[in-house]
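Below: the structure, in structure tokens.
Sequential numbering from 1 along the given sequence is applied to the chain's residues. Note that the coordinates shown come from a computational prediction; the quantities given were computed from them, not determined experimentally. Just so you know, ligand 1 is whichever comes first in the structure, and atom 1 is the first atom listed for that ligand.
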Amino acid sequence: EGSEPTILIPGKVHPRVRERVEAEFAAVAIETADAALITPELAASIRGIASSTRIDAAFIDALPNLEIIAHFGVGYDPVDAGHAARCGVVVTNTPDVLSDEVADTTIGLLINTVRELPRAETYLRAGRWASEGGYRLTPLTLRGRTVGIFGLGRIGRAIARRLEGFGVEILYHSRSKREDVSYAYAESLKDLAERCDTLIVIVPGGPATDRAVDAEILSALGSNGVLVNVGRGSTVDCDALETALSNGTIAAAGLDVFPNEPKVPEGLTKLDNVSLLPHVASASQHTRNAMADLLVDNLAGWFDRRRPVTPVPESGELVSTRH
Ligand code: NDP
């Protein structure tokens, strides 16, 4: 009592994060990560943040004794990790523990998209099987496809391993060619889109990938093309996608992520050739609990021995020099 570091919980967090932070630290909750909510007393006491929300530079600046931001999720684009590093604040994320779940969901979304399984189920539930006969034969199939993976990182490789079992051809693009895989490497996203008919987006969000999948990439994918986005909504130009789906530039899309969640562009919800999920790729109790544990283990590792389990690359120097 009194000696544990004080951890701030801004906004909503997974219940296991809240329970463990309350049990292992002194916890303070506030409505949102807004610098205007930081009283002088909080500014003095807060040494860590546990959150899954946006943490900007102004909020970091409002907490002079902040040492660590433990983010819930592998994609930490909501956190200004560069500013944090310049202020000597470590940022951690939750890699690996969600890769298999996200890869499973990606395969499900891909098959839903090409084989129209959600629409077939809606057809059954509406009683149309009995009244109208079998659901239509799907114009699309996974058979014979060439899948291009945009981002062959932890999750991208888990997706590729699964796809090997489907007998499809696999290529990828990332900024650097990997020496530990035998899949064909495409030098650019354009090159990848030209050489595949099924594009899976699993790169991080942020400025470097902002609207990387635009009208030109979609047209390179072609009229048999299928786009699956499980990375970040910001990576796909949504207006260009809606146009491409409407006029047959590509055949279909499966989306788990959107630019302005939880809002979904109304035009997309009106199209039949798109399968939509509400950002559920990692959303099982099993995997979210593992993410919650890793978040709190990062806080514990930092405050026990200056060793967080999974610091983000921007924090690398802080962690190796500060123990
Ligand atoms: P990794 O960091 O392991 O992999 C990222 C991959 O993207 C690497 O292959 C990297 O290779 C490549 N990459 C990064 N930036 C670029 C760029 N500008 N251009 C081309 N390639 C790039 O991350 P994970 O696989 O663990 O996670 C990937 C992302 O998936 C997360 O950042 C998150 O946004 C998203 N995600 C979405 C989820 C959901 O619920 N829908 C759940 C979990 C994650 P290189 O550096 O060589 O370019």
Would you tabulate the polar-atom pairs, meaning N/O of ligand 1 against N/O of the protein, with distances under 3.5 Å, reported to 0.1 Å?
| unit_1 | atom_1 | unit_2 | atom_2 | d |
| --- | --- | --- | --- | --- |
| ligand 1 | 2 (O) | R154 | NH2 | 3.4 |
| ligand 1 | 3 (O) | R154 | N | 2.9 |
| ligand 1 | 3 (O) | R154 | NE | 3.1 |
| ligand 1 | 3 (O) | R154 | NH2 | 3.4 |
| ligand 1 | 9 (O) | L152 | N | 3.1 |
| ligand 1 | 9 (O) | L152 | O | 3.4 |
| ligand 1 | 9 (O) | G153 | N | 3.0 |
| ligand 1 | 15 (N) | R175 | NH2 | 3.2 |
| ligand 1 | 23 (O) | R154 | NH2 | 3.4 |
| ligand 1 | 25 (O) | R154 | N | 3.3 |
| ligand 1 | 25 (O) | I155 | N | 2.9 |
| ligand 1 | 26 (O) | R154 | NE | 3.0 |
| ligand 1 | 26 (O) | R154 | NH2 | 3.3 |
| ligand 1 | 34 (O) | R232 | NH1 | 3.4 |
| ligand 1 | 40 (O) | H279 | NE2 | 3.1 |
| ligand 1 | 41 (N) | V230 | O | 2.9 |
| ligand 1 | 41 (N) | D256 | OD2 | 2.9 |
| ligand 1 | 46 (O) | R175 | NH2 | 2.9 |
| ligand 1 | 47 (O) | S176 | N | 3.1 |
| ligand 1 | 47 (O) | S176 | OG | 2.6 |
| ligand 1 | 48 (O) | R175 | N | 2.8 |
| ligand 1 | 48 (O) | R175 | NE | 2.8 |

Q) Strictly by modelled atom types, are T32 and D34 linked by a side-chain donor-acceptor pair under 3.5 Å? A) no

Q. Rounded to the nearest 0.5 Å, how far apart are OG of S234 and CG of N229?
A. 8.5 Å

Q. Strictly under 6.0 Å, is that where the ring centroids of Y172 and F150 end up?
A. no

Q: Report the C-alpha distance between V296 and F25 in whole Å, list the side-chain angles of each, state the deciding distance to 0.1 Å, and finish with yes or no for side-chain contact (heavy atoms from CB on, under 4.5 Å).
A: CA-CA 10 Å; V296 183; F25 302 93; 4.2 Å; yes

Q) Is a side-chain donor or acceptor of D256 paired with a backbone partner of A281 at a separation under 3.5 angstrom? A) yes

Q) In terms of side-chain heavy atoms, does T209 have a donor or acceptor partner in T235 at a distance below 3.5 Å? A) yes

